[in-house]
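Data first, discussion second: the structure below is written as structure tokens.
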Amino acid sequence: MTSGSPTPIDFRSDTITRPDDAMRVAMSDAEVGDNVIDSDPTIVALEERAADLLGMEAALWTPSGVMANLIALSLHLSRGDRFLAPRGAHVLTNELGSAAWLAGGMPDPLEHDAGPGRPSPAAVRAAVGPADGPYYALRTTLLSLENTHNAAGGAITPPDEHAQLVAAARDRGLNVHLDGARVWNAAAELGLPPAALTVGVDSVSACLSKGLGAPVGSVVAGTAEFVERARRMRQMLGGGVRQGGVLAAAGLVALDRIDQLKGDHENARTLAAGLRELGWDVVDPQTNILLASVPDVSLTLEHLRGLGIRALPMAGKVRFVLHREVTADDVDEALRRIREDRR
Ligand SMILES: *Cc1c(COP(=O)(O)O)cnc(C)c1O
């Protein structure tokens, strides 16, 4: 082995993926307009494509997934409304409380009683009381799902369970939002169109800037009426961008790459198997996220860093995220470094 610091292998997040040459060419060639005054043709093309893939009537480009979720929650919730979401959901733990602070909702987490990242339909029904309770009863109006569930290790909710959760929510008069930041990963892994995982929802958000590799951008989709209201909200939040087509062009390239996510899942399985062989306590990855339980997360992260392996903490564990800038060879190399280090 050569001396000096080893080339870093970066498992921190699929958000670190940089636009490649093909994407940059598409960005530089993009036809653009002013998407606030009237419209930008490339943003329009992206929104139509995303709506189609997600099986929704219309979609809206947003600069980030956090903004997409905030817009959806703001439109679904009135001040003081209670909403349900699986424990550890991004809207509960990673959006700085905006669901309460800005959208006015009172969050209540649901346990994962049906499996990792998955509350049961019975739990949804039980969480909402009868429609006409006493005056001090909470008004519960929304179920916010997450597929794949990030903090549960990229866990998939399969379409049949998704449908049952939506049915339970409807039964109790709730609207349903799906945080589908990585719904593309779930679709690729199951070999289904993304629309198969959004059946019955009122709105869905999805990221273009994670595993799909766009530098910027998410979408929020729903009915045409919902998206019109969402457009006004995006403008209020400062998310109306002018020549946004430059960014949407990257999104269009990204949407051609959904199938390629399977490679990341394969690499996640290889990493899991390798780490387990080395005595690590890992959860079997369902998609591109691998969680490892260790006695001291910061100590392990620091140690890995010394080996040129970067990861982040998540839900009290070490989280490795596989993405298009980590190759199968990189995974082998990371495993080799950890193995050598033990000798
Ligand atoms: C990353 C992520 C978001 C937010 O996306 P940003 O583009 O980082 O704002 C929302 N939900 C989930 C589940 C995520 O993993």
Side-chain angles (χ1 to χ4, degrees), residues 11-19 46 50 54 59-74 83 85-99 102-103 107 109-110 112 116-119 142-157 162 176-187 194 197-198 201 203-221 230 233-234 237-239 241 244 247-248 250-251 254-255 261 264 268 285-291 312-315 317 319-323:
F11 296 102
R12 285 174 303 165
S13 177
D14 44 9
T15 56
I16 71 155
T17 48
R18 293 161 296 187
L46 172 79
L54 293 168
L60 184 78
W61 181 92
T62 61
S64 69
V66 168
M67 189 185 285
N69 282 336
L70 174 58
I71 288 171
L73 266 55
S74 299
F83 74 96
R87 186 174 288 285
H90 203 274
V91 293
L92 298 180
T93 56
N94 297 90
E95 300 185 6
L96 291 87
S98 60
L102 298 169
L110 293 168
H112 302 183
R118 289 147 42 214
L142 180 72
L143 171 65
S144 184
L145 297 169
E146 187 171 310
N147 200 7
T148 64
H149 192 298
N150 183 346
I156 294 175
T157 301
H162 166 84
V176 181
H177 171 66
L178 171 63
D179 178 350
R182 293 188 183 81
V183 71
W184 320 117
N185 292 81
L197 298 167
T198 67
V201 305
S203 57
V204 51
S205 59
C207 286
L208 307 167
S209 61
K210 291 190 165 160
L212 298 182
V216 181
S218 282
V219 290
V220 59
M233 177 68 64
R234 182 184 67 182
L237 296 173
V241 298
L247 302 169
L255 288 175
L261 295 170
D264 299 338
Q286 296 180 27
T287 53
N288 68 324
I289 300 177
L290 172 61
L291 297 177
L312 284 175
M314 173 64 88
K317 297 182 171 146
R319 187 188 75 160
F320 297 88
V321 183
L322 281 294
H323 55 79

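Both ligands and their constituent atoms are indexed starting at 1 by order of listing. Below, each value reflects all heavy atoms present in this structure, side chains not excepted, and no hydrogens, waters or symmetry copies.
Closest heavy-atom contact between Thr62 and Ala68: OG1-CB, 3.6 Å. Scanning both residues, Gly88 and Thr93, for their nearest heavy atoms gives O-OG1, 3.5 Å.
Side-chain atoms of His177 and Ser203 form a donor-acceptor pair, as typed in the model, at a separation below 3.5 Å.
Taking the side chain to side chain contact (heavy atoms under 4.5 Å, CB included) definition, one finds that Gln286 meets it with Pro116, Ala155, Ile156, sequence neighbours left out.
For ligand 1, the protein residues placed under 4.0 Å by at least one non-hydrogen atom are Ser64, Gly65, Val66, Asn69, His90, Glu95, Glu146, Asn150, Asp179, Ala181, Arg182, Cys207, Lys210.
Screening Leu73, Leu70, Leu96 for a side-chain contact (heavy atoms from CB on, under 4.5 Å) involving Leu102 leaves a single residue, Leu70.
Between Thr148 and Trp184 the shortest side-chain heavy-atom distance does not fall below 4.5 Å.
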